[in-house]
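A short worksheet on the structure shown next.
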Amino acid sequence: MQKLGLKQTQLQKLSPQQIQFIKLLQIPTAELESRIEEELESNPALEEGREEPVAEKTEEYEENFEEYEDFEESYDETNPMEEIKLEDYLQQDDVASYKTQSESGYPEEEEREIPIPTFTTLTDSLLEQLGHLRLDDRQKAIGEQLIGSIDEDGYIRRDLEAIANDLAFSQNIQTETDEVEEVLQRIQNFEPAGIAARDLQECLILQLERRSKDDLHVRYAIQILQTCFEEFKKKHFKKIQKRLSLSEEDMREAMNLILKLNPKPGGSSNAYAKTQYIIPDFILKNINGKLEVALNSKNAPELRVSRSYADMLEAYDKSDKKDKNFKQTVSFVKQKLDAAKWFIDAIKQRQNTLLRTMNAIVRYQREFFMEGDESKLRPMILKDIAQEIGMDISTVSRVANSKAVQTDFGVFPLKFFFSESISTDTGEDVSSKEVKYILKQIIENENKRRPLSDDKLEKLLRARGYQIARRTVAKYREQLNIPVARLRKEV
């Protein structure tokens, strides 16, 4: 038998305006421009341009957005014909807490368009070199298939038999692996050296074979790769030296030749490299010892509500409100005006939130921003900044995960400044960034013939006052992309 009962629950729901603000907050500057263009295309009540000044100004925006307080909602879906105040759409909110680059007195360099470089891709370059060979149509088709199989590192990792099968199915060219390999060998003579190799061993040997065979150490280097490649990968240099009966000097010279080769020929030239720009969201300047933060100018677009749409509402007040068609038109216009005002409010709240978060980070990490020394970084977590600016941790997380700042020492993602703390002998907490910096220095200065194990690194860090476990040393070493001691060994 079913029973009826009452149950009271508490739910937290975000309004469409709050969701819009969250989405705008987490996108980086590079995507903001396209997002604004989308809104301009979909909402005719929103225009580009500076807002016209009015005599009366609305109240300043609340500085605390911890719970994403509701935006002003002047549109009631249950009563679309409610009274409308025209000045709500014409007034410009007075937000004195943010400044664009030009308002801060900095040179307006970021106003300029960033040039997009043009470059020849690796595939284009290889196809061009293929065209210089005297090949018949069949060989040319095989060559194009091989070049199309080269990955971004410059390797062909597919079996030649699979490539021959592709030629049979896609181009109706019946061929054997011997014929495919013959064309492959000609492609392996292209630039850059080592291109179209099937594995690392072949890639390194191809590069060495272009050097003078009269050089004794080149011959030794090729011999090491051909007969002792497994020992070479494991850096068992003594075994190689004994097996090939090499002197210590010859061994060292041969290894130096090998270590200077390029293991990824596909990315060896700037002409083939993928170009990507990081557009900073903030500009930080040190002006006579005073750190000043400004938003990238692209973060402060000039948007306004359409005057023509506002005039339509004004005409409504003077018209016959009994006309049903006119009421529907005004309802549509009002929705577009509301959406435009909400979007402008969200953009301004985004600017406010970004600046407050960045200023808090600058205050927290002032010593680093003054000198650029990573050892000066303080331990800092999202909660620290959230408490300082009175916002929710999720808000700070959205800002930190997708934004970057341009400083006198380079461009840094904001998440770079967040790190856990490590205790010292004196009871002081230091940033894990500082420990990683010290760890990197110790490894760089170690004797490469006898590199330090993680146990020894732990003892050296403890001798400097850092209370750290061996497993933490291993974790930090891996995060720094530094291999274990055995793989750091040199002759």
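This one's a predicted model, so the numbers in the text were calculated from it and none came from an experiment.
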- Task: Any pair with a residue in residues 158-170 that passes side-chain hydrogen bond (donor to acceptor under 3.5 Å, both in side chains), sequence neighbours left out, goes on the list, sorted by first then second residue, please.
- Result: Arg158-Asp166
- Message: Return the CD1 to CD distance between Ile187 and Glu182, rounded to the nearest 0.5 Å.
- Response: 11.5 Å
- Report the distance from atom CG of Leu25 to atom OG of Ser402, rounding to the nearest 0.5 Å. 7.5 Å
- Among all residues two or more places apart in sequence or in another chain, which pass the side-chain contact (heavy atoms from CB on, under 4.5 Å) test with Pro263? Leu200
- Using a strict 4.0 Å threshold on nitrogen-to-oxygen distance, state whether Lys285 and Glu292 make a salt bridge. no
- Does Glu31 offer a backbone N or O that forms a donor-acceptor pair with the side chain of Ser34 under 3.5 Å? yes
- Of all heavy-atom pairs linking Leu414 and Phe282, the shortest is CD1-CE1, 3.8 Å
- Message: Using the rule given for side-chain contact (heavy atoms from CB on, under 4.5 Å), can you reason through Asn286 versus Thr407, listing the C-alpha separation, both sets of side-chain angles and the distance that settles it, and then say yes or no?
- Response: CA-CA 9 Å; Asn286 185 342; Thr407 71; over 6 Å; no
- Could you give the distance from CG (Leu295) to CD (Gln351), rounded to the nearest 0.5 Å? 6.5 Å
- Message: Please determine whether a side-chain nitrogen of the Lys or Arg among Glu39 and Arg35 lies less than 4.0 Å from a carboxylate oxygen of the Asp or Glu.
- Response: yes
- Query: Sub-3.5 Å donor-acceptor pair from the side chain of Arg470 to the main-chain atoms of Asp455, do we have one?
  - Reply: no
- By ring pair (Phe, Tyr, Trp, His ring centres under 6.0 Å), Phe369 pairs with (sequence neighbours left out) Phe417
- Taking every non-hydrogen atom, the tightest pair across Ala164 and Thr175: CB-CG2, 3.9 Å
- Message: I need the minimum non-hydrogen distance between Leu206 and Ala197, along with the two atoms involved.
- Response: CD1-CB, 4.0 Å
- Item | Side-chain touch Ile361/Met380, heavy atoms, less than 4.5 angstrom | yes
- Message: With heavy-atom distances below 4.5 Å as the criterion, would you say the side chains of Met251 and Ile224 are in contact?
- Response: yes
- Message: Check this for me: does any side-chain nitrogen of one of Glu191 and Arg210 sit under 4.0 Å from a carboxylate oxygen of the other?
- Response: yes
- Short question: side chain of Glu181, backbone of Leu160 - any donor-acceptor pair under 3.5 Å? no
- Short N-O contact, Glu248 and Arg449, less than 4.0 angstrom: yes
- Item | Closest contact, heavy atoms only, Leu167 versus Ala141 | CD2-O, 3.9 Å
- Query: How far apart are the closest heavy atoms of Ala339 and Asn43, and which atoms are they?
  - Reply: CB-ND2, 3.6 Å
- Determine, stepwise, if the pair Arg186 / Leu130 fulfils side-chain contact (heavy atoms from CB on, under 4.5 Å). CA-CA 9 Å; Arg186 303 187 69 174; Leu130 183 69; over 6 Å; no
- Quick check: does any side chain N or O of Asn256 sit under 3.5 Å from a backbone N or O of Arg252, one acting as donor and the other as acceptor? yes
- Minimum-distance pair of heavy atoms, taken over all atoms of Pro265 and Cys203: CD-SG, 3.7 Å
- Query: Is Gln365 reaching over with its side chain to a backbone N or O of Arg378, donor-acceptor style, under 3.5 angstrom?
  - Reply: yes
- Task: Answer whether the closest heavy-atom distance between the side chains of Gln129 and Ser125 falls below 4.5 Å.
- Result: yes
- Message: Holding to side-chain contact (heavy atoms from CB on, under 4.5 Å), I want the full list of residues that pass it with Glu388, two or more places apart in sequence or in another chain.
- Response: Ala360, Arg363, Tyr364
- Query: Judged by atom type as modelled, is there a donor-acceptor pair below 3.5 Å linking the side chain of Glu202 to the main-chain atoms of Arg198?
  - Reply: yes
- Mark yes or no for whether Asn296, through its side chain, and Pro280, through its backbone, hold a donor-acceptor pair below 3.5 Å. yes
- Task: Report the C-alpha separation of Leu355 and Val293 in whole Å, then their side-chain angles, then the decisive distance to 0.1 Å, and conclude whether the side-chain contact (heavy atoms from CB on, under 4.5 Å) test is met.
- Result: CA-CA 8 Å; Leu355 270 175; Val293 178; 3.9 Å; yes
- Query: Got a donor-acceptor contact below 3.5 angstrom from the Glu231 side chain to the Lys239 backbone?
  - Reply: no
- Query: Under 4.5 Å between any side-chain heavy atoms of Ser453 and Lys456, yes or no?
  - Reply: yes
- Distance-only side-chain donor-acceptor flag, Asp215 / Ser212, under 3.5 Å: no
- Message: For Phe368 and Phe412, take the angle between the two ring planes, folded into 0 to 90°, and tell me which bin it lands in: parallel under 30, tilted 30 to 60, perpendicular over 60.
- Response: perpendicular
- What is the distance from atom OG1 of Thr395 to atom CD1 of Ile385, rounded to the nearest 0.5 Å? 13.0 Å
- Examine distances only and state if a side-chain atom of Arg350 and a backbone atom of Leu24 form a donor-acceptor pair shorter than 3.5 Å. yes
- Take atom CG of Asp136 as the centre, draw a 6.0 Å sphere, and report whether it contains more than 12 heavy atoms from other residues, nucleotides or ligands. yes
- Message: For a side-chain contact (heavy atoms from CB on, under 4.5 Å) check, start with the C-alpha distance between Ile468 and Leu439, then their side-chain angles and the critical distance, and finish with the verdict.
- Response: CA-CA 11 Å; Ile468 188 170; Leu439 176 62; over 6 Å; no
- Item | Point-to-point distance, once rounded to the nearest 0.5 Å, from NZ of Lys403 to NZ of Lys415 | 12.0 Å
- Take atom NZ in Lys376; do more than 12 heavy atoms of anything else shown fall under 6.0 Å from it? no
- Distance under 6.0 Å and angle within 45° of ring axis: Arg464 vs Tyr466: no
- Please tell me if the side chains of Glu209 and Arg211 come closer than 4.5 Å, counting only heavy atoms from C-beta onward. no
- Is the count of non-hydrogen atoms from other residues, nucleotides or ligands lying under 6.0 Å from Asn445 atom CG greater than 12? yes
- Between CZ of Arg219 and CG of Leu208, what distance do you get to the nearest 0.5 Å? 13.0 Å
- Message: Any non-hydrogen side-chain atom of Ile142 less than 4.5 Å from a side-chain atom of Ile163?
- Response: no
- Gln479 vs Lys475 side-chain heavy atoms within contact, under 4.5 Å: yes
- Answer yes or no: are there more than 12 heavy-atom neighbours, outside Gln223 itself, under 6.0 Å from its atom CD? yes
- Can you list the residues that meet the salt bridge (charged side-chain N to carboxylate O under 4.0 Å, His left out) rule with Glu38, with sequence neighbours excluded? none
- Residues in salt bridge (charged side-chain N to carboxylate O under 4.0 Å, His left out) contact with Glu179, at least two apart in sequence or another chain: Arg138
- May I ask you to test the Glu144-Ile147 pair for a side-chain heavy-atom distance under 4.5 Å? no
- Is it true that a side-chain atom of Gln188 and a backbone atom of Ala196 form a donor plus acceptor pair closer than 3.5 Å? yes
